[in-house]
Enquirer: 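Shown below is the structure under consideration.
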Amino acid sequence: MADKKVNEFYTRPPVLTKWEGFKQFLWNPETKQFLGRTGASWGKILLFYLIFYAVLVGFFAALLAVFYQTLDTKKPKWELDNGLIGNNPGLGFRPMPPESNVESTLIWYKSSDKGNVHYWQEELRKFLRPYHKENNPHYNNVEQCSMFVSPTPGKVCDVKMTPQKWHPCLDEAGFGFEDEKGGPCIFLKLNKIYNWYPEYYNSTNLPDSSVMSEYLRKDILDAETRNEHQMVWVTCEGENPADKENIGPLRYIPQRGFSSQYFPFKNQDGYLSPLVAVHFETPKRGVLINIECKAWAKNIIHDRIDRRGSVHFELMID
């Protein structure tokens, strides 16, 4: 028995090549191990991670479900002053310059060049597409409203672009871009703020002539006599004295502002932002014209630096 113990020696494992060692690591037939673990070991670790991730997913799903209970898909949690957007809407204009020059606000074209004006016309077609019945999936929620008359609760008012009121700011007329003597139509829209109500100007709250132009003051007073002053009014003018001379007469289509029947915006199905098209009738050609448009209501504050309540763009026609 003692002789047997004396004759027992440790046998040095065979020297394996890299390939043989890799194959043994993949599958060791002696120990029945795959990638260094037995089948039982692999089963235990897979079961652990299966339970771990199932619990993790369930915990996340429960938190997400609780979170969604606090949200309303139609209504923001924080409104007006409590929200990031605030309660002071700005203005937007269309058509916009190409995305390749995203910081530009210059509308520059040559009316006699069909290819040149095509881009601007196509941008307006894209912008106005939702205003056509066939492109609005919720058009059954849109109704024809009278001026200053709110729609049926839950419904929205149509923005109807009839030839009688909107010419020449229509696709058939090329939106004015092909007019060899006149100028284009630039569309303005008020940025949407949920549940925002305009405070309309009237004879008791008009700012003085140092803030508001006399011709707008007169228009508001005249509209009040007809009980048609419930509008967010719009003005456009040249920013500098030279721009004021070069801009020429303007025409606001279909009227000089956004009527009260479109407010407030409450994320209704099919809602259409009201539009005002500014037709530049005879702008001077070959010069750059800086233009500032403003929206006017008692609760709209104008800030040129932050562009609150206003929008700036340049127009140049060759």
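Every heavy atom of this structure was used, including side-chain atoms; hydrogens, water molecules and symmetry mates were not.
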Enquirer: Any chance you could lay out the side chain to side chain contact (heavy atoms under 4.5 Å, CB included) test for Val142 and Asn136, step after step, and finish with the verdict?
Expert: CA-CA 9 Å; Val142 178; Asn136 190 337; 4.1 Å; yes
Enquirer: Any disulfide bond (SG atoms under 2.5 Å apart) pairs touching residues 266-318, not counting sequence neighbours?
Expert: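 Output for this query lists Cys236-Cys293.
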Enquirer: Tell me if the centroids of the rings in Tyr197 and Phe263 come within less than 6.0 Å of each other.
Expert: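 Aromatic pair excluded; centres sit 6.0 Å or further apart.
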Enquirer: Quick check: Phe265 with Tyr271 (ring centres under 6.0 Å apart)?
Expert: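 When the ring centroids of Tyr271 and Phe265 are compared, they turn out to be within the sub-6.0 Å range.
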Enquirer: Between Glu143 (side chain) and Asp158 (backbone), is there a donor-acceptor pair under 3.5 Å?
Expert: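 Not confirmed, Glu143 side chain does not pair with Asp158 backbone.
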Enquirer: Could you tell me which residues satisfy ring pair (Phe, Tyr, Trp, His ring centres under 6.0 Å) with Tyr252, sequence neighbours excluded, listed by chain and number?
Expert: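 Partners of Tyr252 under the ring pair (Phe, Tyr, Trp, His ring centres under 6.0 Å) test: none.
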Enquirer: Is the ring pair Phe127/Tyr131 parallel, tilted or perpendicular, if the boundaries are 30 and 60 degrees?
Expert: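 If you compare the ring of Phe127 with that of Tyr131, the planes turn out tilted.
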Enquirer: Does Gln69 use its side chain to pair, donor to acceptor, with the backbone of Phe67 at less than 3.5 Å?
Expert: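 No; judged by distance alone, with no hydrogens or angles, the pair does not exist.
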Enquirer: Ring pair (Phe, Tyr, Trp, His ring centres under 6.0 Å) with Trp296: which residues, sequence neighbours excluded?
Expert: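 Ring pair (Phe, Tyr, Trp, His ring centres under 6.0 Å) list for Trp296, sorted by chain: His302.
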Enquirer: If you count the non-hydrogen atoms of other residues, nucleotides and ligands that lie under 6.0 Å from OH in Tyr215, is the total more than 12?
Expert: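 Enclosed: over 12 neighbouring heavy atoms sit under 6.0 Å from OH of Tyr215.
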Enquirer: With distance as the sole test, does Asn246 use its side chain to make a donor-acceptor pair with the main-chain N or O of Lys284 at under 3.5 Å?
Expert: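 It does not hold such a pair.
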Enquirer: Between Arg129 (side chain only) and Leu124 (backbone N and O only), is there a donor and an acceptor less than 3.5 Å apart?
Expert: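 Such a contact is absent between Arg129 side chain and Leu124 backbone.
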Enquirer: Where do Leu91 and Lys294 come nearest, in terms of heavy atoms and distance?
Expert: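 Distance-wise, the nearest heavy atoms are CD1-C, 3.6 Å.
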